[in-house]
Protein chains: 2
Amino acid sequence: MDNSIKVKFDKIDRKILEILQANAKITNAQLSKDIGLSPAPTLERVKKLEQSGIIKSYHAKLDPEKIGLGVSTFVLVGLIGHNKANIDAFMKEIDQIPEVIECHHITGTGDFILKIISKDINSYQKLMLEQVSEIKEVDSMQSMVILSTFKDSKVLPIPA
Amino acid sequence: MDNSIKVKFDKIDRKILEILQANAKITNAQLSKDIGLSPAPTLERVKKLEQSGIIKSYHAKLDPEKIGLGVSTFVLVGLIGHNKANIDAFMKEIDQIPEVIECHHITGTGDFILKIISKDINSYQKLMLEQVSEIKEVDSMQSMVILSTFKDSKVLPIPA
DNA sequence: ATTTGTACCACATATAATTCGGTAAATTCT
DNA sequence: AGAATTTACCGAATTATATGTGGTACAAAT
């Protein structure tokens, strides 16, 4: 288990992190210019940030509409019980549904919030009826359909 | 304005998209092996996917805990009015708050759902009191604090 | 059947990443 | 404070990777 202890990094590292969050495809040469170092130590810093786990991975961001994914939703899910066994069973099922791209345990209204993406309303309904609501630990579900997305930043605000 | 019309792509393109979503740092040489083509046409396909807008961008994913971001939340926000002017004004303010990393217009419970990330509960409270609730279009706010994240996939389920 | 276009490969070249040896600055230890 | 040690840096050589080119086979269209 990786216990996510905070790791040290300086002002230059922070700048690297900001740049790589916004544009992971930048060349090391350009990155080194942007931060004011030569390529060698720049690369060293990036490698260290990767090894320390501050940088976890790199991902291509796609346009959902262009690949035929027209419906995105948030779903508040209430479980029938709150014990660890139930939660584990629920998560195991959720893990196997690729349309569920996020699952968070939350305080407040529901127990969990899911982010789901699918082709259209029909396939969304089918997914919910035949997969999500079939999970026996699921009690209640409340869907919020995304009408439009105004902001979807991949850049976290790194504290000073 | 880019109107996100669906664009054509075949089985090989789909595989490329799946791979690049999961790991944007793969070399073109390795990618070409994985999909069973030589490097030249592989690169050509990737470039086309970028030019067509199917691939929008590339991003480094960080570990929030390791950079001192311990509190993530979803916030349901109700506005005082639903007209376009109000929504635009609200969005303009939201855009300037880097801690708000997502903002979606939704059906259901509230009008908008935000995803917010901050250092700790104190700075979260400060952010909400001094910035978000100060936006004059904001009527109601309901916070859901994320206790833990079980799934956070960067891979969209591309329809067949 | 011929043409036209598309997708592919192998190979050559250009660009970029990575490694290495050495130096200066910062930190630790006595 | 001064010596020893570590850390971070640079420039240059090397290696790896991306990119460009010419030619070929296949598919679709005329």
Side-chain angles (χ1 to χ4, degrees), chain A residues 2 4-63 66-68 154-156 158-160, chain B residues 2 4-63 65-68 154-155 158-160:
Chain A
D2 172 5
S4 296
I5 311 299
K6 212 194 306 190
V7 183
K8 292 285 153 283
F9 56 93
D10 64 14
K11 205 157 203 127
I12 298 177
D13 291 320
R14 180 175 296 111
K15 204 165 178 184
I16 290 175
L17 293 173
E18 277 163 9
I19 293 171
L20 290 182
Q21 282 188 95
N23 173 23
K25 269 299 178 68
I26 189 173
T27 64
N28 186 61
Q30 184 58 48
L31 179 62
S32 70
K33 277 178 200 161
D34 290 357
I35 64 171
L37 287 182
S38 71
T42 301
L43 189 68
E44 225 174 78
R45 279 170 178 269
V46 172
K47 295 291 178 208
K48 266 183 200 163
L49 291 167
E50 289 169 355
Q51 279 159 18
S52 70
I54 292 183
I55 297 176
K56 293 172 81 169
S57 45
Y58 298 90
H59 306 274
K61 178 182 175 184
L62 309 189
D63 183 331
K66 289 199 172 137
I67 54 175
K154 300 304 177 193
V155 182
L156 304 181
I158 307 173
Chain B
D2 174 2
S4 294
I5 310 299
K6 210 194 307 189
V7 184
K8 292 285 153 285
F9 56 93
D10 63 15
K11 205 157 204 127
I12 298 176
D13 291 320
R14 179 175 296 112
K15 205 166 177 183
I16 291 175
L17 292 173
E18 277 163 11
I19 293 170
L20 291 181
Q21 282 188 95
N23 172 23
K25 268 299 179 68
I26 189 173
T27 64
N28 186 60
Q30 185 58 47
L31 178 62
S32 70
K33 276 177 200 162
D34 290 357
I35 64 170
L37 286 184
S38 72
T42 301
L43 189 68
E44 224 174 80
R45 280 169 177 270
V46 173
K47 294 291 178 210
K48 268 184 198 162
L49 290 167
E50 289 169 357
Q51 280 160 17
S52 70
I54 292 183
I55 297 175
K56 292 173 82 167
S57 45
Y58 298 90
H59 307 274
K61 178 182 174 181
L62 309 188
D63 184 329
E65 308 266 340
K66 290 200 170 134
I67 55 175
K154 300 304 177 192
V155 181
I158 307 174

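Quick caveat: nothing in here was measured; it's all calculated off a predicted structure.
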Worksheet item: Got a sec, which pairs hit salt bridge (charged side-chain N to carboxylate O under 4.0 Å, His left out) with one end in residues 10-32 of chain A, sequence neighbours left out?
Response: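 Non-adjacent pairs meeting salt bridge (charged side-chain N to carboxylate O under 4.0 Å, His left out): A/Asp10-A/Arg45, A/Asp13-A/Arg45.
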Separation of atom [atom1] in [X] from atom [atom2] in [N], rounded to whole Å:
X       : N      : atom1 : atom2 : result
A/Lys25 : C/dA16 : NZ    : P     : 14 Å
A/Lys33 : C/dA17 : NZ    : C1'   : 14 Å
A/Ile35 : D/dA8  : CD1   : C1'   : 12 Å
A/Glu50 : C/dA17 : CD    : P     : 13 Å

Which atoms form the tightest heavy-atom contact between [X] and [Y], and what is the distance?
X       : Y        : value
B/Tyr58 : B/Glu50  : OH-OE2, 2.7 Å
B/Ile67 : A/Pro159 : O-CD, 3.1 Å
A/Lys56 : A/Gly53  : CG-O, 3.7 Å
A/Ala24 : B/Ala60  : CB-N, 3.8 Å

Worksheet item: Can any side-chain N or O of A/Lys154 pair as donor or acceptor with the backbone N or O of A/Lys61 at less than 3.5 Å?
Response: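 Pair absent, no side-chain N/O of A/Lys154 close to backbone of A/Lys61.
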Worksheet item: Is the backbone N or O of B/Leu62 less than 3.5 Å from a side-chain atom of A/Gln21, with the two atoms forming a donor-acceptor pair by type?
Response: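 Flag not set: sc A/Gln21 to bb B/Leu62 has no pair under 3.5 Å.
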Worksheet item: For DNA chain C, which residues in residues 13-24 of chain B have a heavy atom at a distance below 4.0 Å?
Response: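 The stretch gives none, as no residue of it lies under 4.0 Å from the strand.
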Fill in: CG-CD1 distance between A/Leu49 and A/Ile16, expressed to the nearest 0.5 angstrom
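Answer rounded to 0.5 Å: 6.0 Å.
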Worksheet entry | Contacts of type side chain to side chain donor-acceptor pair (under 3.5 Å), residue A/Ser38, not counting sequence neighbours |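 Testing A/Ser38 for side chain to side chain donor-acceptor pair (under 3.5 Å), a comparison that skips the adjacent residues, returns none.
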Discussion item. Using C1' atoms of five pairs at each end, report the bend of the helix from C/dA1-D/dT30 to C/dT30-D/dA1 rounded to 10 degrees.
Written reply: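 Nearest ten degrees gives 40° for this helix.
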Worksheet, complete the sentence: Protein-proximity profile, nucleotides 10-28 of chain D, B/S/- by nucleotide at the 4.0 Å heavy-atom cutoff, equals BB-----SSSB--------
Worksheet entry | side-chain contact (heavy atoms from CB on, under 4.5 Å) partners for B/Lys33, two or more places apart |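 Testing B/Lys33 for side-chain contact (heavy atoms from CB on, under 4.5 Å), a comparison that skips the adjacent residues, returns B/Gln30.
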